[in-house]
2 protein chains.
Amino acid sequence: MSLRYALLALLTVEPMTGYDLYKEFESSVGHVWHAPDSQIYPELRRMEKDGLLEGEEISWGQRGKKRQYHITEAGVEAFRTWMKGTLDYARVRDPAHLKAAYLEWAEPEAARQQMLAHIRHHTELLQQWHDKVREIEEGGSPMLNRRLAKIPPEQRRKTAAFKKFTYEGLIARAEQEIAWANRGLALIDELYAEPEATDLGKS
Amino acid sequence: MSLRYALLALLTVEPMTGYDLYKEFESSVGHVWHAPDSQIYPELRRMEKDGLLEGEEISWGQRGKKRQYHITEAGVEAFRTWMKGTLDYARVRDPAHLKAAYLEWAEPEAARQQMLAHIRHHTELLQQWHDKVREIEEGGSPMLNRRLAKIPPEQRRKTAAFKKFTYEGLIARAEQEIAWANRGLALIDELYAEPEATDLGKS
DNA sequence: CGGCACTAACTATGGACATAGATAGTGGAT
DNA sequence: ATCCACTATCTATGTCCATAGTTAGTGCCG
């Protein structure tokens with residue numbers, strides 16, 4: 001159900017086509033909520049049917065057409081209602097930690113690779129999110145700038161602050177995951193340490 | 001696809017029925033990977049068809065029956081193969097952070113409630129996971145104890161260590177989420193602080 | 001003018017999961 | 001003897017999502 005609200009959030013700034021939204025999901029919003037175009041187009045249709053959006057055919061070039069959606073009053077209302085209510089949190093389902101729980105089944109080298117992959121993955125995310133925070137701080141985010149331009153000046157501080165707050169949370173999470181995986185690497189080293197010293201003691 | 005491997009992981013300890021596995025998912029493994037019975041039963045059938053498990057009808061009471069599954073050689077092999085390979089990480093899709101990015105749309109009180117709900121949720125998880133770590137440390141986890149009893153003594157240290165490592169990662173994550181939500185509460189207070197001082201300056 | 005990357009939108013299929021409910025036996029408590 | 005909580009299994013429906021196409025127009029580059 002969150003896809004719907006992610007789309008509404010973007011459409012509170014300006015009317016957009018499905019393709020625009022898809023592009024925005026690939027870059028900015030997609031860092032928080034990913035969605036493929038095959039999910040976006042039908043959802044927009046459904047939202048129009050539910051009265052949250054209104055679509056309009058726009059011609060493009062000679063024969064080209066695109067469908068631009070703008071949010072309705074009901075759409076804004078639905079978004080506000082969603083913001084008011086509390087989320088229900090999904091049950092834990094974490095492949096990386098599931099696997100970590102049984103690392104004794106892997107060769108030490110494979111176990112290390114798991115941890116390195118975890119670090120690599122979260123380092124990439126970290127990079128993206130750091131870039132995003134820098135962009136916000138420097139006022140270089142086109143979508144955010146358009147949003148800020150539409151709202152009264154006294155609201156702008158809040159709007160930018162919450163965006164930054166969000167990304168900083170994701171950054172902290174990624175850093176935590178990296179730290180965990182590093183502890184994992186240390187643990188693997190310790191558990192599979194060359195047992196010479198111990199053997200000497202035993203023999 | 002991870003459900004399959006979560007089930008295999010449990011079945012490396014001992015043969016179990018679908019109901020046993022469902023119960024285990026509700027308590028121990030469910031802290032890492034949740035699954036409802038309606039997903040477990042058909043998956044077990046599929047795994048049997050794929051030769052990873054073998055099921056056996058067992059009578060229970062007068063007329064009762066249950067189906068107990070034990071892992072096959074192919075099942076163990078599949079589990080090892082999964083442990084060897086690397087996971088592909090799912091794209092980010094995080095309702096809590098999506099919502100946080102647009103908190104300026106909520107009344108300050110509603111915004112605070114979001115943060116408090118986040119704290120409450122992760123505090124509950126934290127509690128569960130802390131209990132789990134204590135259980136592991138004190139040797140009071142029935143499933144883990146049966147697992148440890150089945151393996152050579154020199155393997156036991158690793159097995160227990162990886163379980164503990166896993167839960168500690170989840171604990172660190174939950175603590176991070178709580179810290180983030182607390183920063184959120186502070187930010188809300190700051191952004192919506194009584195503006196007397198500023199007004200005085202302006203007037 | 002032909003190729004090519006991009007814009008634009010949609011369809012089809014299948015897996016994973018939530019939610020809800022159906023069915024039936026067990027075993028202990030009142 | 002009956003009720004109830006629990007054990008045990010399965011089905012049904014719908015949403016979400018990944019993956020992989022299909023179709024068609026645009027606009028620039030060589």
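Throughout, a chain's letter reflects where its sequence line sits, starting with A, and its residues are numbered from 1.
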Sorted by chain and residue number, the side chain to side chain contact (heavy atoms under 4.5 Å, CB included) partners of B:Glu57 (sequence neighbours excluded) come out as B:Lys65, B:Arg67

Within residues 17-39 of chain B, find the residues that approach DNA chain D with a heavy atom at under 4.0 Å, and present them sorted by residue number.
-> B:Thr17, B:Gly18, B:Tyr19, B:Asp20, B:Lys23, B:Asp37, B:Ser38

Which pairs, protein N/O on one side and nucleotides 23-25 of chain C N/O on the other, fall under 3.5 Å?
unit_1: C:dG25; atom_1: O3'; unit_2: B:Gly64; atom_2: N; d: 3.0

Mind checking what makes side chain to side chain contact (heavy atoms under 4.5 Å, CB included) contact with A:Glu54, not counting sequence neighbours?
-> A:His70, A:Thr72

Mind running a 4.0 Å heavy-atom check of residues 51-59 of chain B against DNA chain C and sending the residues that fall below it, in number order?
-> none

For B:Arg146, enumerate each residue passing the side chain to side chain donor-acceptor pair (under 3.5 Å) test, keeping only those at least two apart in sequence or located in another chain.
-> B:Glu14

Considering residues at least two apart in sequence or located in another chain, which fulfil the side chain to side chain contact (heavy atoms under 4.5 Å, CB included) criterion with B:His97?
-> A:Val32, A:Thr166, A:Leu170, A:Arg173, B:Asp94, B:Glu177, B:Trp180

Of A:Ser2 and B:Tyr69, the one whose nearest nucleotide on DNA chain D sits closer to the 5' end is B:Tyr69

Residues from residues 78-96 of chain B lying under 4.0 Å of DNA chain C - heavy atoms = none

Quick one: side chain to side chain donor-acceptor pair (under 3.5 Å) partners of B:Glu137, sequence neighbours excluded?
-> B:Lys164

Partners of B:Phe79 by side chain to side chain contact (heavy atoms under 4.5 Å, CB included), sequence neighbours excluded?
-> A:Tyr102, A:Trp105, B:Tyr5, B:Leu8, B:Ala9, B:Thr12, B:Trp82, B:Met83

Partner set under side chain to side chain donor-acceptor pair (under 3.5 Å) for A:Asn182, not counting sequence neighbours | none

Partners passing side chain to side chain donor-acceptor pair (under 3.5 Å) against B:Tyr41 (at least two apart in sequence or in another chain) | none

